[in-house]
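Hydrogens, waters and symmetry mates are skipped; everything else that's a heavy atom, side chains included, is used. Chain identifiers are assigned alphabetically (A, B, ...) following the order of the sequence lines, protein sequences preceding nucleic acid strands; residue numbering begins at 1 within each chain.
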There are 2 protein chains.
Amino acid sequence: MPTGRAPEPTVLRLSIYLRCLRQVHAEGLDTISSAGIQERTGITAGQVRKDLSYFGEFGKPGLGYAVEPLLTRLSHIMQLDRPRKVVIVGAGNLGAALAGYQGLRSSIFSLVAAFDNNLSKIGRPLWDVEIKDVRELPRITQEQGVEIGIITTPAEAAQGVAELMAQGGIRSILNFSPTRIVSPQGTTIRNVDLMKELEVICFYLPKP
Amino acid sequence: MPTGRAPEPTVLRLSIYLRCLRQVHAEGLDTISSAGIQERTGITAGQVRKDLSYFGEFGKPGLGYAVEPLLTRLSHIMQLDRPRKVVIVGAGNLGAALAGYQGLRSSIFSLVAAFDNNLSKIGRPLWDVEIKDVRELPRITQEQGVEIGIITTPAEAAQGVAELMAQGGIRSILNFSPTRIVSPQGTTIRNVDLMKELEVICFYLPKP
DNA sequence: GTGAGCTTGTGCTTTCTTTCACAATCTCCA
DNA sequence: TGGAGATTGTGAAAGAAAGCACAAGCTCAC
Ligand SMILES: NC(=O)c1ccc[n+]([C@@H]2O[C@H](COP(=O)([O-])OP(=O)(O)OC[C@H]3O[C@@H](n4cnc5c(N)ncnc54)[C@H](O)[C@@H]3O)[C@@H](O)[C@H]2O)c1
Ligand SMILES: NC(=O)c1ccc[n+]([C@@H]2O[C@H](COP(=O)([O-])OP(=O)(O)OC[C@H]3O[C@@H](n4cnc5c(N)ncnc54)[C@H](O)[C@@H]3O)[C@@H](O)[C@H]2O)c1
C-alpha cells in the first residue's frame, strides 16, 4: 500500500516500466507478469513488484498486471497524462538534435520555442519552431504556460538561463551543460552529464 | 586506505571531482579543501573525503588537497591518463551533435570514425571524420585499437551494433538508444536515457 | 466445483551508502 | 619553537535500497 513516498530509484524505474508497457501494449498483449517485465527490462521481478506496490495494488495473483490499466495508472502517477510544454535554450548542436527529436513532439511533450542569444541565430527556424531572443523567454513561457525548460548552452550561461526560466514560471529544468546550477527558488533541476558518462566508462575499461 | 573496491556512486562522483579540479587548477589555485570542493560541487565535504579515501590518502591535514597531484592521481584511477579512441554509430541528429562536441576531441578522447548503414550517408564527411559503412566497423576498430563505442542508432538496431562492436574489440559502450542491450561477452554498457530524464522531471513537477 | 499451478504483495533480512564526529596531523605566525 | 587553528582519514551509527521467501489469492482446465 502507498505508505509515504517512493524512493528516487523507484521513480527512475517507473519510466522504464512505462516504456516497457507501451511496447507490450503495442504488441497487443493484455497482461504481463513481473517476471515478464524482468525479461524485457532486466529489472528483477521482486523489484518490479515492490516498486509498483509503493503506489497501489495493480496486479492480480496468478495472472499478472493488466497492461492498459497499469499504463494509465502509471502515466497518471508520473504526471504524464496531460501535455507539457517545453522550451530549449541554446540552439547549438545539442539543442538542435533535441529539438528535432520526435520524443519531444509526442502526445505528451510539445516543443513551444527555442531560444538563443546569438543574433545571427535569432529569427531563424529550428525544425518547426523559430529561434527567439533569450531575453523574451520569461514573457513567452509565462504567456504559454511552459512547464519544462531544457538548457543546452555553454556552462557559463547556464545559471543565468535557469534564473530566466524560473522568472518565466518554469518549474522543472533539464540541464545538459556540465556545471552545477544553484536552483532558483521553487524549481527542480536534473542534470544530464554526458562527459561524465564517458569518463565513467573509462574507469570500467579492463585494466591492462 | 584502498580496501576492496569503490562503490559505483563514488566512481560517478570521481568524475565530478575531476571536473572541479580542472577548473580550480585553471584558476591557478594550488590546494583545495574538501569544504572547498563542497562549495563548488554541492557534494558534502565528508562525502568527498570518504570517496577519495577509497583510493588512498591524498590530503594533508590543516591544508587540504594539492590540486595538481590529485588531478594526476584521479586521472590515473579513472584511466583517463592516456588517449582513448572512440567511434560513433548512427550518424543522425544526436550522433552528429556528439561527433561535433569538443569534449570528444580533447586530449583524452579522440573520435576515429562514424558509421551508418544508410547508403546516402556513407562516404560523406561528419565534421572531420568520414561516415563509413557499419559493416566495416569490426575491421576498422580492430585495426585502430578503438576502445569505446557510442550508439546513436534507432532502438531496433542497437543490439546488433553492440555485437558488431564487441566483435571489433570494443570493450565499453555508451548507448543512447532507448532500449536494453544484452551485453555481449566481455563488454560493459552504460545507458543514457534522455527521455527517461524528461519523464522523471514530470513526476517531480509540482502537483496541482 | 476443485485442485494444480502461477503470481502477487509484503515483512524480514541483507547489503550498500551516507552521515557523523573526533583523534591525529599538519601549517603558519608570533 | 610552540601553540592556535584548520583539515584530514576513518570507525561507528544511521539510513536507504535491494533481495528473499512465502502466505494468500486468482485462474483455468477438467
Ligand atoms: N554537443 C554535444 O554533444 C554535447 C555533449 C555533452 C555536453 N554538451 C554540453 O551541452 C551544451 C551545448 O553544447 P553544444 O555542442 O550544443 O554547444 P554549441 O556551442 O553548439 O551551442 C551552444 C548554443 O548556446 C547559445 N548560447 C550561448 N550563451 C547563451 C545564452 N546566455 N543564452 C542563450 N543561448 C546562449 C550559443 O549561441 C549556441 O547557439 C554545452 O554546455 C556542452 O558542454 C554538449
Ligand atoms: N535526437 C535526440 O535528441 C535524441 C534524444 C533522445 C534519444 N535519442 C535516441 O538516439 C538515437 C538516435 O536518435 P537520432 O535523433 O539521432 O535519430 P536519427 O534517425 O537522426 O539517426 C539515426 C541514425 O542511425 C542510422 N542507422 C539506423 N540503423 C543503423 C544500423 N543498423 N547501423 C548503423 N546505423 C544505423 C540511421 O541511418 C540514422 O542516420 C535514437 O535511438 C533515439 O531514440 C535521440
Side-chain angles (χ1 to χ4, degrees), chain A residues 1-17 20-21 24 29-71 73-74 77 196 200 203-204, chain B residues 1-17 20-21 24 29-71 73-74 77 196 200 203-204:
Chain A
M1 87 203 65
T3 78
R5 214 171 67 277
E8 161 145 348
T10 291
V11 177
L12 286 244
R13 284 189 297 266
L14 244 36
S15 168
I16 296 177
Y17 301 146
C20 171
L21 288 168
V24 167
L29 297 180
D30 284 340
T31 64
I32 187 165
S33 66
S34 56
I37 296 179
Q38 163 161 22
E39 203 167 304
R40 288 158 181 270
T41 62
I43 298 166
T44 299
Q47 183 79 74
V48 172
R49 294 200 297 277
K50 174 148 304 187
D51 283 344
L52 296 179
S53 78
Y54 283 111
F55 301 100
E57 307 194 359
F58 303 115
K60 278 215 182 90
L63 190 58
Y65 299 89
V67 174
E68 201 166 350
L70 183 54
L71 205 42
R73 297 294 313 274
L74 284 190
I77 289 161
K196 183 170 85 179
V200 168
F203 179 86
Y204 290 112
Chain B
M1 82 201 69
T3 77
R5 215 168 68 274
E8 162 147 346
T10 292
V11 177
L12 286 243
R13 284 188 296 266
L14 243 39
S15 168
I16 297 177
Y17 302 145
C20 171
L21 289 168
V24 168
L29 297 180
D30 284 339
T31 64
I32 187 165
S33 66
S34 56
I37 295 179
Q38 162 161 22
E39 203 167 306
R40 289 159 180 268
T41 63
I43 297 166
T44 298
Q47 182 80 75
V48 172
R49 294 200 299 279
K50 168 130 325 180
D51 282 343
L52 296 179
S53 78
Y54 283 110
F55 302 98
E57 307 194 358
F58 304 114
K60 279 215 180 89
L63 190 57
Y65 299 90
V67 174
E68 200 164 354
L70 183 55
L71 205 41
R73 297 294 314 274
L74 285 190
I77 289 162
K196 182 169 87 180
V200 168
F203 179 87
Y204 290 111

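Every residue meeting the side-chain hydrogen bond (donor to acceptor under 3.5 Å, both in side chains) condition with A:Tyr17, not counting sequence neighbours, appears here in chain and number order: A:Asp51. Qualifying side-chain contact (heavy atoms from CB on, under 4.5 Å) partners for B:Pro7, counting only residues two or more places apart in sequence or in other chains: B:Pro9, B:Thr10, B:Tyr54. Scanning for side-chain hydrogen bond (donor to acceptor under 3.5 Å, both in side chains) contacts around A:Ser33 gives an empty result, with sequence neighbours left out. Judged as a side-chain contact (heavy atoms from CB on, under 4.5 Å), and not counting sequence neighbours, the contacts of A:Glu8 are A:Leu12, A:Arg190, B:Tyr204. Under the rule for a side-chain hydrogen bond (donor to acceptor under 3.5 Å, both in side chains), B:Arg73 has no partner lying at least two apart in sequence or in another chain. When the side-chain contact (heavy atoms from CB on, under 4.5 Å) test is applied to A:Pro61, no partner is found at least two apart in sequence or on another chain.
Among the nucleotides D:dT8, C:dT18, C:dG9, the one closest to any side-chain atom of B:Ser34 is D:dT8.
Using a 4.0 Å cut-off on heavy atoms, the residues of residues 64-71 of chain B that approach DNA chain D are B:Gly64, B:Tyr65, listed by number.
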How does protein contact run along nucleotides 15-27 of chain D, one letter per nucleotide 5' to 3', with B for base contact, S for sugar-phosphate only, - for none, heavy atoms under 4.0 Å? --SSB-B---BBS

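For B:Asp30 and C:dC26, the CG to C1' distance is 17 Å, given to the nearest whole Å. We find that OH of A:Tyr54 is positioned 17 Å from P of C:dT8, with the value rounded to whole Å. Nucleotide D:dT7 holds its P atom 11 Å from the CD1 atom of B:Ile32, rounded to whole Å.
For the pair B:Ile32/B:Leu70, no side-chain contact is recorded, criterion being any heavy-atom separation below 4.5 Å from C-beta on.
Legend: salt bridge (Lys or Arg N to Asp or Glu O under 4.0 Å) pairs involving residues 40-49 of chain A, not counting sequence neighbours, sorted by first then second residue: A:Glu27-A:Arg40.
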